Amino acid sequence: MDRLLKMFAVVADSNGTEGNDTEGNGTTSTARIHDHILGSGIQLNDFRLRTTMERLQALGESPISFEAFAELVGAELLMLNRIFNRELVIPDWQEFCSDIESVFERVAEDCSGQNADYIPILRDADPDKWGVAVCSVDGQRIEIGDVDVYHSIQSVSKPLTYAYALEREGPDYLQEYVGVEPSGRPFNSLELLPDLRPFNPCVNAGAIMTAGVVASSWPDQDARGITEEIMKLWSDLCGAVAPVQFSEETMLSEKATADNNYAIAYLLRGGKGLPRGVDLNKMLDLYLSCCSIEMTASMLAVAAATLANGGVCPITSQQVLSTDVVKKTLSVMQAAGMYDNAGVFTLEVGLPAKSGVAGAVLTVVPNLMGFATFSPRLDSYGNSVRGVAFCRELVELFTFHIYDSLSGGRTGCKRDPRASQHNRKQRDLSDLRWAVSHGDRYAIKVRDLLLDCMIAITLADGEIDEPEIVTMAETYTEIMGHQPQQGELHAMAQNLQNLIEAEGNSAPFEQLLHRLATEQARLDDNGRELILEAAFRVACADGIIEPEEDEQLRGIARALGINEGVLELEIARFQRHQAAQRSVSAS
Ligand code: GLN
């Protein structure tokens, strides 16, 4: 019963004191429950909450007592418990969404690149369209911008057709016809491996051969019929959030401009030969019609999340692909999904991804989330400029690169929104605080730097007065969990003040930066974060970030080796927080 009461307390309105009703008094309402669900990132039409939603609808707007609540949530208790207790994979969903929005805005400014122009429908697509959709492996979703625009998926179809062939034919047969090596060549290159197999399923030659394998396994079905089957797979992958469509116009144009793809097909037939002697036209028709499937960024994000989740669709819980097939598919995407830019992409972004010439990029963060972007302007490799930029910016800010886990705790303070990391971080921070009081050498170093930082910032105007000492002592207590030693702040301030008198105004701050820069290699992310937080709180004690404070914070972050973008997020968070406080006190 206790746990149910705890859940109720999260949503109950007990005489205006939200979140405190552990007695089971008070009531809640449909609207409040909806708000809590939406705030966690879960959508109200989520399959996993359908019983609860039906029951809520039947209750209408009438107040919901604890007893009614207990009855209401029973059928989907585990899911609701995770939602209300913030136990989904990204617990702080709202914060994460704000960060994603700021990356979205920044990337929107990039208008470089050009639409694909080999067929009218792509040439004439609105180049300014820009959408980003994210879906976590728990089905938390955010969608920004043009996420509902249907576009042909083009080469994004390639890894999925490969996965389909793997499920149907098994890896051995497929491997006989299609390699898994990065090609280092443009996507439409005619070049093959020395044994005359195509390099991999993500370039045209490999995708055409993969289509051949699939087409050869359905002798009684024509290319369109097989495409329908593959569209069903896409639909399951994206949790059927919207219908998967087919663009006849794209298909006609693709066929009319397919000379290069025909050349590849003839080369394949003349070299290795086609699987089970399949008809060359049927093979090409299947390849081109897979390119002509139409979806939206919001659908592709859920599909990416299904891949991130080992083949189980997060919002329907259906096992759509076996985990083994997903593992192989992601490996191929990692090696070749971004064509002849795949090496650089892996270096910089370190995530399996696949682009298509209509402007889609689908990216997978294994075990965490999938995301899809849509923006038609392409770079010279045929990848969406903004799509790639978004991926790059994201891994600058978050520990999503596969090798970020190698950092030894020194990532430049990149964010990690994962629940497990959130808990670990809290534990590490409280360990650090505890260790200070027992004289741990490392913890003391962090503490000293943190004090230096606070004092140098406070002294920036040339003097330190009693109220400032009080602010510092309070900040220190909040961050470290205990009070500074008696007289310690006074003594340190006095030392620095003497220094100012001897060497001029900016001396202590410059010395601080120098000291931070020398020490930073020995500090882990937790230590760096504590120091930056102290600096932040002291600099912004009055609720605004003055230009010189902004400059100081940037200097400190730089000296500490904290990514510029991470500081940017921190500042944006602070400003959001201040704005929210202002609107609360205004109302
Ligand atoms: N339809 C395009 C082609 O076959 C697909 C290429 C792509 O998206 N890179 O050339």
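If you read the sequence from its start, that first residue is 1, and numbering goes on from there. Atoms within each ligand, like the ligands themselves, are counted from 1 in listed order. In this text the structure is predicted, and so the values were computed from the model without any measurement.
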S.K.: Salt bridge (Lys or Arg N to Asp or Glu O under 4.0 Å) with Arg377: which of Asp126, Asp110, Asp128?
M.R.: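 The single option meeting the salt bridge (Lys or Arg N to Asp or Glu O under 4.0 Å) with Arg377 is Asp128.
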
S.K.: Who are the side chain to side chain donor-acceptor pair (under 3.5 Å) partners of Ser380, not counting sequence neighbours?
M.R.: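 Expected list: none.
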
S.K.: Tell me whether Lys272 at atom NZ has more than 12 heavy atoms from other residues, nucleotides or ligands lying less than 6.0 Å away.
M.R.: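 Counting neighbours around NZ of Lys272, more than 12 heavy atoms of other residues, nucleotides or ligands fall under 6.0 Å, so yes.
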
S.K.: Compute whether any side-chain donor of one residue and acceptor of the other, for Tyr118 and Ser253, lie under 3.5 angstrom apart.
M.R.: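 No, no side-chain donor-acceptor pair sits under 3.5 Å.
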
S.K.: Could you give the side-chain donor-acceptor pairs of residues 187-199 under 3.5 Å, partners two or more places apart or in another chain?
M.R.:
from, atom 1, to, atom 2, distance (Å)
Ser189, OG, Glu191, N, 3.0
Glu191, OE1, Arg185, NE, 2.8
Glu191, OE2, Arg185, NE, 2.9
Glu191, OE2, Arg185, NH2, 2.8
Asp195, OD1, Arg197, N, 3.1
Asp195, OD1, Arg197, NE, 3.4
Asp195, OD2, Arg197, NE, 2.9
Asp195, OD2, Arg197, NH2, 3.4
Arg197, NH1, Gln175, O, 2.5

S.K.: Identify all pairs of nitrogen or oxygen atoms, one from ligand 1 and one from the protein, separated by less than 3.5 Å, and list them with distances.
M.R.:
from, atom 1, to, atom 2, distance (Å)
ligand 1, 1 (N), Tyr118, OH, 3.1
ligand 1, 1 (N), Gln154, OE1, 2.6
ligand 1, 1 (N), Glu254, OE1, 2.9
ligand 1, 1 (N), Glu254, OE2, 3.1
ligand 1, 4 (O), Asn204, ND2, 3.3
ligand 1, 4 (O), Asn261, ND2, 3.0
ligand 1, 4 (O), Tyr287, OH, 2.7
ligand 1, 8 (O), Ser155, N, 3.1
ligand 1, 8 (O), Ser155, OG, 2.6
ligand 1, 8 (O), Val357, N, 3.0
ligand 1, 9 (N), Ser155, OG, 2.9
ligand 1, 9 (N), Tyr339, OH, 2.8
ligand 1, 10 (O), Asn204, ND2, 3.1

S.K.: Go through the structure and list residues passing ring-ring contact (aromatic ring centres under 6.0 Å, His included) with Tyr177, not counting sequence neighbours.
M.R.: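 Expected list: Tyr173.
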
